[in-house]
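Below is one structure, written out as structure tokens; the observations come after it.
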Amino acid sequence: MKYIISLGYMALTLCLACSANKKTETPAEEISSYSEFAEFNSDSAYCHVSRQVEMGPRVPGTEGHAECTAYITEYLRNYGADTVILQSFEGEAFNGDILPLTNIIAKYNPDAQKRILLAAHYDTRPWGDNDPSSDGRQRPIPGANDGASGVAVLLEIARQLQNTRPQIGVDLIFFDGEDYGNSASWGNADATWCIGSQYWANNKPYGNSVKPEFGVVLDMVGGKNAKFHRESMSDMQAKDINDKIWDLARRSGNGARFVNSVAGSIIDDHLQVNRAGIPAVVIIECNNPRTQSFNPTWHTHSDNMSNIDRQTLDAVGQTMLNLIYEENAK
């Protein structure tokens, strides 16, 4: 507990130092005339990725996971969230493991009638299923891209919301237990994934209060040279939201990163957000040229800081910031 309490000051100092660095340059051929209300700082986001990886794997029930829960919660409060809710519960994994899980929910302008939702998962995979070594397949992965990158983008967005507060409501959700699923039988084990968002959807997350008009889930948004295609389930369930995001990415100068074509369908937290009655999409690298699927580091021990790209973080983060402030202007 002493280490977690001292964590905040040390990490805050580190990330403020990172934030002072120059923003990653956008290639000249991608610069557009889009007017930005807030500037995403990719160095700040990169720092948040690095700090999470330093905690070790964030597998539910481990010290690293508890430290990460405290870290996210503290930063959301430091970044001016009006409400921070810890939705703690026990979830049972497909293998019988009982997991202590906590969804973290932050609300900006909780009384606003117009709201949007942004989400990511912060837990990491307990096993490196795709690692080339047999030893690596038994050990938890670092989760720099698959876990830390989405969290980092949301935390930098939270900082910008504090600095330039919109009038609309923004809900930031950090789901737990997304990555503890059974990969041995794809298609027959869908319900073993996304334990945290399943719990959230089952427990009437908004009750009688105003639900967000739509949601966006960020997952694996920091890979080197990553390009983001429209995930097919997102296109089926919330095509107009995909249209909005990919058009905005183009107008924001990030069209080369957001490829306006549909790729494969995946199991992710956006499915549960849709089930809760909120149209939702996922932004995820799901058509990598080497794998025709996820980033090559997925569920391996190569999912580390050496494979995190500031420019990728910036493309996603700036597009999401522009989305918030464009919705605010409507």
Side-chain angles (χ1 to χ4, degrees), residues 58-62 65-66 68-77 81-126 147 150-151 154-155 157-158 168-182 189-219 233-234 237-238 241 266-284:
R58 281 81 65 209
V59 178
T62 66
H65 180 272
C68 192
T69 304
Y71 180 88
I72 294 169
T73 303
E74 181 173 3
Y75 268 101
L76 291 171
R77 290 173 175 151
D82 295 300
T83 304
V84 179
I85 301 167
L86 301 183
Q87 188 182 50
S88 298
F89 64 100
E90 286 189 342
E92 183 174 358
F94 72 95
N95 60 0
D97 289 349
I98 303 300
L99 309 175
L101 301 174
T102 301
N103 294 325
I104 306 168
I105 304 164
K107 292 179 179 288
Y108 287 79
N109 301 334
D111 296 327
Q113 293 301 295
K114 180 176 181 179
R115 317 194 60 74
I116 64 174
L117 181 158
L118 302 179
H121 76 89
Y122 71 98
D123 63 301
T124 55
R125 185 71 171 156
V151 169
L154 291 190
L155 288 177
I157 287 173
I168 64 170
V170 180
D171 296 342
L172 302 179
I173 304 183
F174 301 79
F175 288 123
D176 204 352
E178 188 269 352
D179 225 351
Y180 217 100
N182 182 5
D190 295 5
T192 66
W193 302 85
C194 306
I195 301 172
S197 57
Q198 287 190 60
Y199 182 89
W200 172 85
N202 288 337
N203 285 274
K204 298 180 179 179
Y206 288 91
N208 295 324
S209 61
V210 176
K211 289 193 298 188
E213 293 185 2
F214 64 88
V216 183
V217 171
L218 308 179
D219 197 354
M233 289 300 294
S234 300
Q237 297 180 324
I241 308 305
I266 65 166
I267 303 166
D268 213 318
D269 291 317
H270 67 305
L271 301 181
Q272 300 303 322
V273 177
N274 270 289
R275 190 167 67 83
I278 302 167
V281 303
V282 63
I283 296 175
I284 187 170

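Computation of the quantities below employed the complete heavy-atom set of this structure, encompassing side-chain atoms and omitting hydrogens, waters and symmetry-equivalent molecules. The residues of the chain are indexed from 1 along the displayed sequence. As the structure is a computational prediction, the values presented were derived from the model and not from experiment.
Checked by atom type, the side-chain pair Thr192/Asn182 shows no donor-acceptor distance below 3.5 Å.
Contact record, Pro279 with Ala238: CB-CB, 4.0 Å, taken as the closest heavy-atom pair. Considering all non-hydrogen atoms of both residues, Thr73 and Leu86 come closest at OG1-CD2, 3.4 Å. Closest approach of Val84 and Arg77 over heavy atoms only: CG2-CG, 3.8 Å. The shortest non-hydrogen separation linking Ala276 to Ala201 is CB-CB, 4.1 Å. A pairwise comparison of heavy atoms in Ala81 and Ala106 identifies CB-CB, 4.0 Å as the closest pair. The two atoms that bring Ser197 and Gln272 nearest to each other are OG-CG, 3.3 Å, heavy atoms only.
Side-chain atoms of Val281 and His270, non-hydrogen and from C-beta on, never get closer than 4.5 Å to each other. Between Val216 and Ile283 there is a side-chain heavy-atom pair separated by less than 4.5 Å. Side-chain atoms of Asp123 and Arg58, non-hydrogen and from C-beta on, never get closer than 4.5 Å to each other. A heavy-atom distance below 4.5 Å is not found between the side chains of Leu154 and Tyr75. Considering only heavy atoms from C-beta on, Trp193 comes within 4.5 Å of Asp179 through its side chain. With a 4.5 Å cut-off on side-chain heavy atoms, Leu76 and Leu155 count as touching. By the 4.5 Å heavy-atom criterion applied to side chains, Tyr206 and Leu117 are counted as neighbours. The side-chain heavy atoms of Tyr108 and Leu172, taken from C-beta on, include a pair separated by under 4.5 Å.
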message = Applying side chain to side chain contact (heavy atoms under 4.5 Å, CB included) to Tyr180 and Asn95, what does each step give before you reach the verdict?
response = CA-CA 9 Å; Tyr180 217 100; Asn95 60 0; 4.1 Å; yes

task = Using the side chain to side chain contact (heavy atoms under 4.5 Å, CB included) rule, take Arg275 and Asn202 through it: C-alpha gap first, then chi angles, then the decisive distance, then the call.
result = CA-CA 9 Å; Arg275 190 167 67 83; Asn202 288 337; 2.9 Å; yes

query = Step by step, would you call Asp82 with Asn109 a side chain to side chain contact (heavy atoms under 4.5 Å, CB included)?
reply = CA-CA 7 Å; Asp82 295 300; Asn109 301 334; 4.0 Å; yes

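With rounding to the nearest 0.5 angstrom, the OG1 atom of Thr69 is 9.5 Å from the CG atom of Leu101. Note: Ile168 CD1 to Ile116 CD1 = 4.5 Å, rounded to the nearest 0.5 Å. One distance of note links CD1 of Ile104 with CD1 of Ile85; it measures 12.0 Å at 0.5 Å rounding. Note that CG of Leu271 and CD of Gln198 are 10.0 Å apart. Values are rounded to the nearest 0.5 Å. Interatomic distance, OH of Tyr122 versus CG of Asn103, reported as 7.0 Å (0.5 Å rounding). With values rounded to the nearest 0.5 angstrom, Asn274 atom CG is found 7.5 Å from Ser234 atom OG.
Between the Asp171 side chain and the Lys107 main chain, no donor and acceptor come within less than 3.5 Å of each other. Looking only at distances, no side-chain donor or acceptor of Asp219 sits under 3.5 Å from a matching main-chain atom of Ile284.
Evaluated for a side-chain contact (heavy atoms from CB on, under 4.5 Å) with His65, the options Asp176, Leu99, Val59 yield exactly one hit, Asp176.
The aromatic rings of Trp200 and Phe175 sit perpendicular, their planes meeting at an angle over 60°, well past the 30° parallel limit.
Considering only residues two or more places apart in sequence or on other chains, Lys114 meets the salt bridge (Lys or Arg N to Asp or Glu O under 4.0 Å) condition with Glu327.
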